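Heads up: the structure comes next, in C-alpha cells.
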Amino acid sequence: MSILNVLKEATIQSLTALYDKSFTETDFQVSQTKPEFEGNYTIVLFSLVKSLKKSPEALGKEIGDELIKNHSHIFSKYNIIKGFLNLTITDTHLLDLLNKNYNDVCFGKHEINDQKIMVEYSSPNTNKPIHLGHLRNNFLGWSVAEILKANGYEVTKSCIINDRGIHICKSMIAWQKLANGATPQSTKTKGDHFVGEYYVKFNDEYKKEIEELVAQGVSKEDAEKKAPLMQEAQTMLLDWESGKPEVIDLWKKMNGWVYEGFAVTYDRIGSDFDEKYYESNTYLLGKDIVKEGLAKGVFEKEEDGSIWIDLTTDGLDKKIVQRRDGTSVYITQDIGLAKQKYEEYKIDKSIYVIGDEQNYHMKVLKLIAEKLDLPNAKNIHHLSYGMVELPSGKMKSREGTVVDADDIVEEMIATAKQHTEELGKVKDFEEHELADLYETIGLGAMKFYLLRVDPKKRMIFNPEESIDFHGFTGPFVQYTYARIQSVLRKVDSSPLTVDSSILPHNQQPITDNLLPLEKELILTIEQYSQTIEQAATELNPSVIANYVFDLAKTFNSFYTEHSIANAECEEKRQLRLHIASMTANVIKSGMQLMGIQVPERM
RNA sequence: GGUUCGGUAGCUCAGUUGGAUAGAGCAUCAGCCUUCUAAGCUGAGGGUCAUUGGUUCGAAUCCAAUCCGGAUCACCA
C-alpha cells in the first residue's frame, strides 16, 4: 500500500480513537508538503477544525502524536503551521521500500483483476494514408490500453476499418479512369499513398466537372449531385452492395494495397490490434436492433418509412436510425457493433478513441444503447481528443497542409540522426545500433510530444519545436535513462547486492541521514503506482508523461550534485546505486506505457 | 441560435476531491564540462489564472452571468 493510503487510513484510525466518532477520507485532505516547509506529507486540518471545534494547533498536536505513537516506523516527526500538519516520513521506511523493490521491473503495476475492457482506436479509412491527427489517436489508444493493462485489466485492442462507402468508390473510379493499370509496385509508391493519390485526383476532376456545370447555369448544389463522376461513384457503390464481381475485385485489390501500406506504418509506430472489424462486414448490422427498438417503442416510424428516435427530452435532437429505403445508417451500425463486441468478448467496459468532432454522435450512441437496454450501455466510454493543429491553423486537405504521418515520422528520425551526429557521442556504435537509436529517439520524441498534452484539449503541433530534444521531451527522459544505465554498467563488476548495512533492520548509520534529493527521489518513485492508477482513471497518458519527466529531472539534479559511483562511503554508494536502479526501472516502465522505447546508450 | 469543450508567463503546456508565496519546458539573460554521458545542472527576469459578481476562514479550482475560440446540431461516415 502506498504511503498516501497508509497515511489516510492511519489518520482515520487516529481520529476515531481520539474523538470517538467515525470518519472517512473526505473529512480531511492529504497532500504533499510544499518544498518550502519541512515534511513530506501534509494533513489539512481546516475541515476538522470546524466539525470538532478545536483549534488547529491542538488538533494537529493530538493527531500528530497519535500517528507517531502508532506508526513510528513510517512517521518520525511533525510540525504544525497554521492549519497544516506536516509529517516527515522516516528514512527507515524509505530504505525498506528501496530494498524490497529496487530490482522489481514490475514495480507499481497492479494485480490482475477480472475486468475486461475493449479499447477501439485508430479506425482508418482505406481511401487515404494516415496523417498527424491519426497519430494522436493511435498513440493515445495504444497507450491507454497499456495503462489499463498495468492496472490489471484484461484489454482487447480493436480497430474498425472503414473500408466501404462512397469515399472508397471515389478512389476506385479515379484509378479505373486515370491509372492505365499502374500499381504501387510499378510506381514504387507505398500502397496507401498510391490509393490516396487517386482519391485526390478524383476530387480534382470532380471539381472541374462542377465548375463546368455551374458555368452552364446549373446551381452549385445540383452540380455537385449531377456531376458524371459523382454519378459513377454512386453507381459503383450500388454495384458494390449488390456484389458485382469486377467491382468487388477492384475493391479488394485496392484495399489490399492500402493494407500493405498501413501495415508498414503501424509496424513502425507500434500500433497493434487483437481484433479488427471491417465496416464491409458490419454495415448491415443493426437491422435487428431497429426491429427491437420499434417493438419497445424506443423508435418511431415516419410516414415515408424512415425510422427515428426522439431525443429531445434528453436535450438532443431527433435522429434517424434507418433510411426510408430500409438501409441502416452509421449510428445504427455502431450500435450493432457495440452489441456484437459485448457478445463476443463479454466486456465490462468499452472505450472508443475518437476525435471530439464526434462527441455528439457518441453521446447519441450511448443514449440509444441505454434506451435499448443493451447490457454494456452504461460502460460505453468515449475517449475524446482534440484536433491537432499547425501553428498556421488547421490542417486542410484542400490547401495541402495535411501533415502525412509517414513523412513526419521520417522527419523526426532524420532530425534525431542529425542531432545525435552533431553531439558526436556515438562513435563506437554499430551501423544497426545507430539505426535503432535514431528510430528510438525520433519516435520517442514524437510520441511524447503528442501524449504529453491532456487528450481533450486541442493541441498545436509545431514541427520545429516538436523536434526540440531538450526539456520536457521524450529524448530528455531517454537520455536520463541512458545516463543511469551508463553508471550501472560501470559498476557491473560489483553488481548490486542487498547490502545489509544500508538496511533498516540493521539500524545502521545511514538511517535519518538521507539527503533531501535522495529522499525526494525515493518518494517520487513510491508514487508511481498511484500515478498509473490516476492515468487509468482519467484515461490520460499525459499523467505518465508529466510524472516521468519530473522523476528524470529530479534524478538529473541529483546526478549533478552528488556522485553515485564514488559516494563518500560504501553504504552511500550502495544506497545511490539502488536509487539509480529503481529510477531507471520506473522510467523505463513509464515510457513503455506510452509506447516509447528507452535506449541503453545514447 | 441550441448543446458542448476550452481560455493559466512572450510561446507550448501542468496544476481543478477548494488550501500555504500559482509551476514546468521553450525563448531571453548570468553562471557551471581535467571528475559517474553538458540531449545536463544552478540562478535571474517574466502572471489582473479571459472579465464581473457570488459562495467562505480560504477560489485558478465551486456557482451565475458576460466576452473570446473550437467542435457539433445531415436519409455522410
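Worth saying up front: this structure is predicted, and the values here are computed from it rather than measured. Side chains included, hydrogens not; waters and symmetry mates left out as well; all remaining heavy atoms used.
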For a quick check of understanding: with a heavy-atom distance under 4.0 Å over all strands, which category does [X] fall into, base, sugar-phosphate or nothing?
X      : result
A/S557 : sugar-phosphate
A/I441 : base
A/A580 : nothing
A/T327 : nothing
A/Y330 : base

Where RNA chain B forms stems, i.e. three or more consecutive Watson-Crick or G-U pairs with both distances under 3.5 Å: B:1-7 with B:67-73, B:10-13 with B:23-26, B:28-32 with B:40-44, B:50-54 with B:62-66
Please give, in whole Å, the distance from [N] [atom2] to [X] [atom1]?
X      : N     : atom1 : atom2 : value
A/E279 : B/A77 : CD    : C1'   : 7 Å
A/F429 : B/U37 : CZ    : P     : 12 Å
A/L316 : B/G1  : CG    : P     : 20 Å
A/M387 : B/G6  : CE    : C1'   : 13 Å
A/K319 : B/A77 : NZ    : C1'   : 11 Å
A/N556 : B/G25 : CG    : P     : 12 Å
A/E357 : B/A74 : CD    : P     : 16 Å
A/E389 : B/G70 : CD    : C1'   : 7 Å

Nearest to the side chain of [X], which nucleotide is it out of [options]?
X      : options             : result
A/K553 : B/A39, B/C41, B/A77 : B/C41
A/I320 : B/C73, B/C41, B/C75 : B/C75
A/R483 : B/A77, B/C41, B/A38 : B/A38
A/Y360 : B/C73, B/G40, B/C75 : B/C73
A/K363 : B/C41, B/U3, B/G40  : B/U3

Strictly under 6.0 Å, is that where the ring centroids of [X] and [Y] end up?
X      : Y      : result
A/H419 : A/F469 : yes
A/F84  : A/F37  : no
A/Y330 : A/Y283 : no

Would you call the rings of A/W251 and A/W240 parallel, tilted or perpendicular, taking 30° and 60° as the class edges? perpendicular
With under 30° as parallel and over 60° as perpendicular, where do the rings of A/Y102 and A/H578 fit, or are they tilted in between? tilted
Just by distance, with hydrogens left out, do [X] and [Y] show a side-chain donor and acceptor under 3.5 Å apart?
X      : Y      : answer
A/D334 : A/H361 : yes
A/D454 : A/S542 : no
A/N359 : A/S384 : yes
A/E600 : A/Y481 : yes

Pick the [atom1] atom in [N] and in [M], then give their distance to the nearest Å.
N     : M     : atom1 : answer
B/G1  : B/U66 : P     : 11 Å
B/U17 : B/C62 : P     : 8 Å
B/U37 : B/C33 : C1'   : 11 Å
B/U28 : B/A65 : P     : 45 Å
B/C49 : B/C76 : C1'   : 41 Å
B/A44 : B/G18 : P     : 32 Å
B/G70 : B/A59 : P     : 33 Å
B/U56 : B/U72 : P     : 41 Å

Hey, is CD on A/E221 packed in by over 12 heavy atoms from elsewhere, all under 6.0 Å? no
Determine if the base of B/C26 is syn or anti; take syn to mean the glycosidic torsion is within 90° of 0. anti
OP1 or OP2 of [N] less than 4.0 angstrom from a side-chain nitrogen or oxygen of [X], does that happen here?
X      : N     : answer
A/R323 : B/A77 : yes
A/H361 : B/U72 : no
A/S486 : B/U37 : yes

For A/Y352, is the NZ or CZ atom of A/K341 found under 6.0 angstrom from the centre of its six-membered ring and inside 45 degrees of the ring axis? yes
Separation of A/L390 CG from A/M395 CE (nearest 0.5 Å): 5.5 Å
Between protein and nucleotides 12-23 of chain B, map the contacts as a letter string: B base, S sugar-phosphate only, - none, heavy atoms under 4.0 Å, written 5' to 3'. SSS--B-BB---
Mapping A/V426 and A/K318 to their closest nucleotides on RNA chain B, which lands nearer the 5' end? A/V426
Tell me which of A/H167 and A/F469 sits closer to the 5' end of RNA chain B, going by the nucleotide each one is nearest to. A/F469
